[in-house]
Peer 1: 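One structure is given below, represented as C-alpha cells, and several questions about it will come after.
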Amino acid sequence: MNKIKIPKQSIDASDIEAVAKQMASLPINKIETINWPDTYPSKPDVAFTIAHNSNNILLQYRVKENEILAAVTADNGEVWTDSCVEMFISFDNKHYYNAEFTCIGKALLGYRVFGGHAEHAHTEVMQSILRLPSLGTANREKEIGSFDWTLTLVIPSSAFWKSNITTFDGLKVKGNFFKCGDKLTVPHFVSWTTIDTPSPSFHQPQFFGELYFE
C-alpha cells in the first residue's frame with residue numbers, strides 16, 4: 001500500500017506565496033498510475049508535495065501536459081471536466097472528502113459516506129481555501145501545446161467541516177491523489193495508488209493509501 005509521511009512545517013499559511021516557495025523544496029510524490037491503459041493511456045507528468053503546519057494542509061501540484069482547459073467559472077462546478085488535480089481524504093474510514101481543483105484554482109469540495117452521494121461545502125468553506133495557480137485565474141478554452149504549471153493550496157482544518165479536526169498533528173488517515181481532464185481532447189485519469197476497477201472511477205476508498213501527519 002502506498003504511504004506518505006506528511007512533514008510538519010513552521011510557516012505562516014496566510015502567505016501563500018511563501019508557502020509555494022517552501023513547498024518547492026519538499027519531497028516529491030508522483031501521480032503516475034495508469035489504471036485503464038487500453039482506453040485511457042495518456043499520462044501527463046504530475047507530482048505533488050504535501051505538508052502541514054498543525055492547522056492547515058499545505059499542498060502543491062506540479063503538472064506538465066500538452067493540453068489545458070479551464071472552462072468552469074464557479075466553485076463546486078464540474079471541475080473534473082477541466083484540467084484538474086484532486087485529493088481525496090478520509091479521517092474515519094467511513095466518510096471521505098473529495099477536494100478537486102482546476103488549473104486556474106476553481107475548486108470543488110464534497111463530503112461522502114463510502115458509496116453515497118456528496119454534500120458540497122458552503123461558500124464560506126470554499127472561500128477559506130487559499131489557492132495560487134501559476135496560470136492565473138482567468139478562464140481558458142482548450143489550448144494545445146507545452147504547459148508546465150503549478151497549483152499551491154492551503155486547506156484549513158475547518159474546511160473539513162464535518163470532522164471536527166482541531167489539529168493535523170499525529171493523524172493517521174487514508175487518501176488518494178489524482179490528475180484528470182474529462183473534456184480534454186484526449187482525456188486522462190491518473191492516480192497515486194492503483195485502482196482496480198473495470199472503468200475510470202476515483203471514488204474508490206478501498207484503494208486509498210496511508211497518510212501520516214507528523
Peer 1: Please state whether the rings of F178 and F202 are parallel, tilted or perpendicular, taking 30° and 60° as the class boundaries.
Peer 2: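 If you compare the ring of F178 with that of F202, the planes turn out parallel.
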Peer 1: Any donor-acceptor pair under 3.5 Å linking the side-chain atoms of K106 with those of T73?
Peer 2: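 Not at all, the side chains of T73 and K106 share no donor-acceptor pair under 3.5 Å.
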Peer 1: Quick one: do the K179 and H188 side chains pair a donor with an acceptor below 3.5 Å?
Peer 2: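 A donor-acceptor contact under 3.5 Å links the two side chains.
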Peer 1: With a 3.5 Å distance limit and no angle check, can you tell me whether H122 reaches the backbone of E124 through a side-chain donor-acceptor pair?
Peer 2: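 No; judged by distance alone, with no hydrogens or angles, the pair does not exist.
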Peer 1: Do the ring centers of H203 and Y96 come within less than 6.0 Å of each other?
Peer 2: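 Ring-ring flag for H203/Y96: true, centres closer than 6.0 Å.
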Peer 1: Name the orientation class of the two ring planes belonging to F168 and F213 (parallel below 30°, tilted from 30 to 60°, perpendicular beyond 60°).
Peer 2: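 Aromatic pair F168/F213 classed parallel.
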Peer 1: Please walk me through it: do R62 and D45 pass salt bridge (charged side-chain N to carboxylate O under 4.0 Å, His left out)?
Peer 2: CA-CA 8 Å; R62 308 173 193 180; D45 184 356; over 6 Å; no
Peer 1: State whether a side-chain donor-acceptor pair under 3.5 Å links Y111 with H120.
Peer 2: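 Per modelled atom types, Y111 and H120 side chains form no pair under 3.5 Å.
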Peer 1: Does a salt bridge link D75 with R131, judged by any charged N lying under 4.0 Å from a carboxylate O?
Peer 2: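 Here D75 pairs with R131 in a salt bridge, since their nearest N and O are under 4.0 Å apart.
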Peer 1: With no hydrogens and no angle check, do the side chains of Y212 and E210 hold a donor and an acceptor under 3.5 Å apart?
Peer 2: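 Indeed, the side chains of Y212 and E210 share at least one donor-acceptor pair under 3.5 Å.
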Peer 1: Evaluate side-chain hydrogen bond (donor to acceptor under 3.5 Å, both in side chains) for N35 paired with S191, printing each intermediate quantity in order.
Peer 2: CA-CA 8 Å; N35 302 284; S191 64; 2.8 Å; yes
Peer 1: Is there side-chain contact between F189 and T39, with at least one heavy-atom pair below 4.5 Å?
Peer 2: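 Not touching, per the 4.5 Å side-chain cut-off.
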Peer 1: Quick one about D169 and S54 (side-chain donor to acceptor, distance below 3.5 Å, no hydrogens or angles considered), yes or no?
Peer 2: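 Their side chains do contain a donor-acceptor pair, which is all the 3.5 Å distance test asks for.
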Peer 1: If we count only N and O atoms by modelled type, under 3.5 Å, do the side chains of E32 and W192 hold a donor and an acceptor together?
Peer 2: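 Side chains of E32 and W192: no pair found under 3.5 Å.
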Peer 1: How about K30: does its NZ atom have over 12 heavy atoms from other parts shown lying under 6.0 Å from it?
Peer 2: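 Check passes, neighbour count above 12.
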Peer 1: Could you walk me through whether S83 and E67 pass side-chain hydrogen bond (donor to acceptor under 3.5 Å, both in side chains), step by step?
Peer 2: CA-CA 8 Å; S83 184; E67 181 181 9; over 6 Å; no
Peer 1: Has N76 got a side-chain atom pairing as donor or acceptor with L109's backbone, closer than 3.5 angstrom?
Peer 2: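 Pair found, side chain donor or acceptor close to backbone of L109.
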Peer 1: In terms of the angle between their ring planes, are Y61 and F48 parallel, tilted or perpendicular, with boundaries placed at 30° and 60°?
Peer 2: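 Taking F48 first and then Y61, their aromatic rings sit tilted (interplane angle of 30° to 60°).
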Peer 1: Could E119 and K162 be called an ion pair, given the rule that one side-chain N must be under 4.0 Å from one carboxylate O?
Peer 2: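 So E119 pairs with K162 through a salt bridge.
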Peer 1: State whether D82 and K183 are salt-bridged, where the test is any N-O pair (Lys NZ or Arg NE/NH1/NH2 against Asp/Glu carboxylate O) under 4.0 Å.
Peer 2: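 No, D82 and K183 are not salt-bridged.
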Peer 1: If we count only N and O atoms by modelled type, under 3.5 Å, do the side chains of N2 and T193 hold a donor and an acceptor together?
Peer 2: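 T193 and N2 do not have a side-chain donor-acceptor pair below 3.5 Å.
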Peer 1: Distance alone, cut at 3.5 Å: any donor-acceptor contact between the side chains of T81 and E78?
Peer 2: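 Note: T81 and E78 side chains miss the donor-acceptor criterion.
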